[in-house]
Structure formats: structure tokens, C-alpha cells
Number of protein chains: 2
Amino acid sequence: MRKRKSTIYDLAQLAGVSASTVSAVLSGNWKERRIAEATAKKVERLAAAQRYTVNRQASGLRKNRSGLIGMIIPMHDNRFFSSMSQAFERLARERHWYPIVVSTLRDPALELGTVRTLISYQIEYLVVAGATDPDSVSRECRRHGVAHVNVDLPGTRATSVISDNYWGAQQLTQALIDRSKPTRSRLRNKAHFVGGIATDHATRRRMEGFADVVTTRFGHVDDDQIDACGYEGTLAEAAVRSLHVRIGGLPRALFINSTIALEGVVRFLKTLPADELARCAFGCYDWDPFASVLSFPLLMVRQNVEGLLGEAFRIIDSKSFGDKRLIEIKPDLLFAHDVAAVSTWSPLPASIGVA
Amino acid sequence: MRKRKSTIYDLAQLAGVSASTVSAVLSGNWKERRIAEATAKKVERLAAAQRYTVNRQASGLRKNRSGLIGMIIPMHDNRFFSSMSQAFERLARERHWYPIVVSTLRDPALELGTVRTLISYQIEYLVVAGATDPDSVSRECRRHGVAHVNVDLPGTRATSVISDNYWGAQQLTQALIDRSKPTRSRLRNKAHFVGGIATDHATRRRMEGFADVVTTRFGHVDDDQIDACGYEGTLAEAAVRSLHVRIGGLPRALFINSTIALEGVVRFLKTLPADELARCAFGCYDWDPFASVLSFPLLMVRQNVEGLLGEAFRIIDSKSFGDKRLIEIKPDLLFAHDVAAVSTWSPLPASIGVA
DNA sequence: CGTTGCTGCACAATCGATTGTGCCAAGCCG
DNA sequence: CGGCTTGGCACAATCGATTGTGCAGCAACG
């Protein structure tokens, strides 16, 4: 059953023409090469009948192109990156490039190895999303003349398109403070930030946005208001538990730095009485549809994945790889209604901006 | 900065040897071809210095291989399929194949087009996951001699590895009934099934598993106990709402057929008092980590993604594509504790089985 | 009738790596 | 010393498609 694939030579023989004629017909430039329309028709019918498919390895070799565009991401199994894959595919297909997405598990060695392999398949462009070591990837790409763009995590050796974490954190913090109610307890009358890692670029920017808004609104911000305890849910759970003990209840507002952290925090919150939850305003930087069904109101920031990749492709389209800019895309602030509503989510400012 | 990539001919010239010698050295079979070790060392040093990378288009063309293995999935942006991508990559890499995952958006035309393009890149194997029209894909693959396996949704023209939906539904239904409490109301003393589409293979098998267990335990099952209202959350929300009206409260047990449906159901449940929720046992076919933080106990079935793909690769490894078997992999039944616990999830039977 | 110009195609080189085969030189044996 | 083996490599064909160039054949034209 496993037939030999048919080639232009097979078709040429069947049609009684030369291979170059077949090639001209099938690649669509038979008019420029002055092939008679009758001949073209005949070849096309034969190709369809034989179910001919071009061998892109051969074609790519000759044309010194592959039609492939690659993207590396840390992992597939993640809401943010999987929606990046989805957007990436759409944008690549619009441009008639064939998308290849590969995960690198936050392992710098695998990151580099994967990029090398992608290059060996002659990919034409590379989107480097959430890379742990974007600059090494840039060096490798540059050596082989592969144009590329960083997304989500910035590098210094290529143009980077990242989320405007500072702005998003400001918006979330402001909305949290606006929706929160003053407490009599001085200890609890503060907004708190929990989750993430302070060495991470995104977390740092969010901490800054949070701190700046808190300072503007309250005059000052204390060290104990910010706890970049790590990304894991259990760490955030423990952090909020101990905060709860330390200040004798929930704070006025709580900024939770990821959905993973939110999971842990919610595990702790479930042990508290409902009226205590009602006294705290909750916000989460990052979005999960399931969080909309939690039992308390929640503000969430949704990163603008389409915006990030759209901008990345705009850079690729314009071939402006040289300037190594840093482009920031504003996220969206969303509000999960506390009681079942017709539409569960309503966007607040919904803005796409470029710094 | 954009250098021409170096080829074996460049290296040959630099090393003062022939291209075939360079090729032999770099492809690792220089011993069989009796190249002197000194020559090999020299070539390898040069290749490293020049940052030579083989051109896989050329190599693949000559060897009539590509090193590529493809997988099509309906979408990336989904917990189940994105974890399939993750497992697929791991298994492919173990075998030194380069994985390409592409989504086809449940569009039969895009499905076929994507497969054709993958074939034109000379992929060596294809995993067809969750395809809407697996048999058309099979025909296309067969015509071009590409070995393939269906996963998640079965086809008739290739071996299929799917989740044991019947068994999983039985387990979930039994556990639900075991954990549920009898009600005085005759109307409410029943288990109900909600969500999914009856034309879908998976939903049908789950309905059968549910119905068979209910019949065994209660002697009979009524039509109104099963409502395949569709996948959307709003549909499930409406279905449960009207059920609640019809039987004057929640039923004894509720089998929810997807996490999407669960989202909708939870939106409705949030409008009910807590003590009413406590009288119903909830189960969801499919798993979401965020569901663990819901305010009521929940049984969940987690499909065994590693098991599904592991079996698919075992078939590829053994090259037994001819027999067109249907292999069913048992899922896991998990229990989300109702109150914050050290470990939020505990597996109940945790079994991998092949029918 | 010779020249020009156009049509319609074929020929052959090429992309870069792989691989069957051939060939020279050194070593060994009888 | 001649023949045979073996080591060490080069040569050239090959994979399938693309593309610059060449060349018949025919019509038109002066």
C-alpha cells in the first residue's frame, strides 16, 4: 500500500513533457515561462490524479527557503503560552508561513539546542517567547542569519515585545484600592502584594507599579506589603496564612501575582468565614476563566496575547530587527462579578498601547 | 552580519579534504568509512569553530527522511490538548525525532490541508489527535505512505488509542452514588448527567457508562436523568437551573460532562445556599486544577494523557499500523477535598489499562 | 527567400548532504 | 620481488525541485 511518492519526473513522463515544464506549471509561473495553456491544464489534471505533493525539502533546498517560522515557549501546558501558540499559528498562516511551536521547559540548554535544530531545518524567522536566556538565543540566531523577536521576556540583543507589567500593576492596584473599604485596624488598612520572584523581570515591574500606586494613594509603602514568595501555590498559601496571623485578619486589598499563586491563596481563603472575605478586595495578575466562578469578587489582569504577537509579527513584516527596541503592550483589566450574571466578565479599560 | 551559512564544502576546503570526508566525520560514521582519527579531529574542530550546522533540507532530501514527527490537535488553548502537546514532545525527543504540533481548529478542511502540508515536509509519522474526520486524514496519509495513529477520537482506518470513557464514567458514577446521601424526595433521589453532545463518541460512551451503573444500582434509568445539552457553559448552566426547578432542588448526585460545563454549573450553584450544595454529590468528567478550590467537594476524572500518547508511540515503535485496533486507556478518578488539605488531590484508583 | 521575432518548450546546472565505488599507497606474506 | 590486503580518502551519482538559457519551429515582414 505504501506507494512511492510521485515526483515531477513521474508527472513529466506521464505528460510527455519535461520536468521543468511540470515545475513551472505546478509552481504557478507557467505563464511567465510561456507554457501553452493546454499543456498546463494537462499537467495539472495529471498532478491531481496522481495526488502529487511537492517535496518541500527539495524545493526549499533549491530555493534556499523553507517556509517555516518557529516559536519557542517554555511549555505548552499553560494558559498563557498555549494561547500564544494559538495566536502564533493564526498570524503565521495569514502570511503563508508554516508555524512550528516547540517548548523548552525553561531549560537554557534545551532552549539553545532546540533553536539550533530549528535553524538546521532552515526556519526563516523565530519568535523567542518567555526564554530564560534570550540573549544566547539571539547570538545563535545572529550567527546563522535568522531574524528573530523576543516576546514576553525581554533580551538585549533583539527587539523585545513584552507585557506592560508596570502599567497593568498600576491599573490593578488602583482598581483594588478604589474598590476596597477602609478598615479600623491600622495594620489591616493596607494593600498587600503576594507571589512571584523578585529576580524575574515581570514580577519586578509589577512590584514597582504596585509600590508606586500605593505610595501615591497612601503616602508610603512598607517592605512587609510586598512578598515575592515564589510562584508555587503552596508558597502563596503559606504567605497569606502567615500574613493573616501577623495582621490579625485579611488586609484591605490583596494583589496576587499569578493564577498559580491564586490557587494556593484560595485554598487558604476557603478556611475563612464568608463575611471576612467580603471585607477584602482581591486582584490577580493573570487570568483564568475558572476563577470567574469563585465565591468572591475578583479583579484580574489578562495579558494581551494577540497584541503581543501582533506586534512581534509587525516587526517581522517590516524587517526592522536592527533597532533592538523594547515594546510594551498594555494588558486588560477584567472584573469577575460576584454573583452569576449574564456575561461573567466585563472588560474595564481594554486598551492596546505601544510605549 | 548575516553570514552565508557554512556547508560541508566550505569545511572541506578549509580542512583540505573532500566533502565526503567531512560528511562522514560529521555524521559520525567516519570509522566505517576508514577516516583517520587525526582527520576526523581536525574536521570536527573546524566545524565547531565555523559553527557549522547541517542543512536538514539537503540531508533529508538525500536520505529520504526528515526526522520530523507531526501531531495535529484541535487547539492549543485547552488543558487536555496542551498537555498532549507536552507529552508528545517528550516522547518524540526520547526517540530523537523532532516534534511538530499544529492545531486545526476542528475544521475538517484545515485538518486535511495541514496534514497535506506536513506530508510535504516529509514527516515520518503522524499522530492524529481529536480529529473531526480521522478517516479522511487516514486516507491522505495512506496515499503518501505516512504511518499514523489516531488518539482521543477513534477512526476506522488506523489504530486508535482513546480514553476509556465507558469505564471512567462507570467509576465516576459509582463513586458519586457511594458518596451521595438518599433524599426523602423521590424526584430528587436520582443521579443526573449533564453536558456534552450525544453525537460525540466520547459523550455517548460516558452516557452508557453512567446509565449502566445507575441501572445496576437503582434498577432503572429515566430519560430525564441524562441531558447532553451541549458543551458550552451557558447551556449546562441553563440545564441545571431548569432541572433544579423541575425537581424542586438539586438531585442526589450530578455528573457534569466537562470542565466547560462545570464552569456554567458552578455559576448557577453560587446562587444556592451552602447547605443545599452539601446535599448533592458532584462529579466532573475532566480535570481542572482550579476546580480544586471550589467551595464544595468534587470528584473529577482526569484523562491519562501520558498513557494515551505512550500507547500511541508504542504502536509507532512496533510499526504495527496494519491491524487498526481500538485501544482504550483508563483515566484516573480524583477527589478534591472539601477543606484545605495538605495535598489537595488524592488519586483514587490511579490505573492505566489497555482493553 | 532570408531575416527577425515570438511561442513553447527542453536542457542542464544548482541547492547541500549522503553513499557506493574506485583508486593509490603502504604493509605484509610467501 | 610480485601479489594481496588494508587503510585512507576522493569521485561522482543521487535525492526532487527550480531556474537561467538555448533552440527548434513557425509566422510575419521587407
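Since the model is a prediction, treat every value here as computed from it, not as a measurement. Numbers restart at 1 for each chain; the letters A, B, ... are given by sequence-line order, proteins then strands.
- Counting any heavy atom pair closer than 4.0 Å across all strands shown, N55(A) reaches sugar-phosphate atoms only and no base atom.
- Using a 4.0 Å heavy-atom cutoff across all strands shown, R56(A) reaches no nucleic acid atom at all.
- Backbone-only contact: V17(A) has heavy atoms under 4.0 Å from sugar-phosphate atoms and none from a base.
- Note: CZ (R33(B)) to P (dA12(D)) measures 15 Å, nearest angstrom.
- Comparing dA10(C), dT18(C), dG16(C) by their closest approach to the side chain of A58(B) singles out dG16(C).
- Here the P atom of nucleotide dG20(D) and the CD atom of E32(A) are 12 Å apart, to the nearest Å.
- At the heavy-atom level, S23(B) lies under 4.0 Å from base atoms of the strands shown.
- Pairs of residues two or more places apart, or lying in two chains, never qualify as salt bridge (charged side-chain N to carboxylate O under 4.0 Å, His left out) while including a residue from residues 24-36 of chain B.
- The CG atom of L118(A) sits 12.5 Å away from atom NE2 of H144(A), with the distance rounded to the nearest 0.5 Å.
- The nearest heavy atom of DNA chain C to I8(B) and to A36(A) marks one nucleotide each, and the one closer to the 5' end goes with A36(A).
- Every residue two or more places apart in sequence or in another chain was checked for a ring pair (Phe, Tyr, Trp, His ring centres under 6.0 Å) with F80(A), and none qualifies.
- We find the CD-NZ distance between Q50(B) and K5(B) to be 15.0 Å, quoted to the nearest 0.5 Å.
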Parsed dot-bracket for DNA chain D after applying the Watson-Crick and G-U rules with both distances under 3.5 Å and | for other-strand partners is ||||||||||||||||||||||||||||||
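- Of the residues listed (F313(A), W97(A), F81(A)), the one engaging F88(A) in a ring pair (Phe, Tyr, Trp, His ring centres under 6.0 Å) is F313(A), and it is the only one.
- Taken to the nearest 0.5 Å, the NE2 atom of H148(B) stands 7.5 Å off from the CG atom of L126(B).
- Closest to the R62(B) side chain, of the nucleotides dA10(C), dA13(D), dC9(D), is dA13(D).
- With dG16(D), dG8(C), dA17(D) as the choices, the nucleotide that has an atom nearest any side-chain atom of R34(A) turns out to be dG8(C).
- One interatomic measurement links the two molecules: OH of Y9(A) to C1' of dC15(D), which rounds to 9 Å at whole-angstrom precision.
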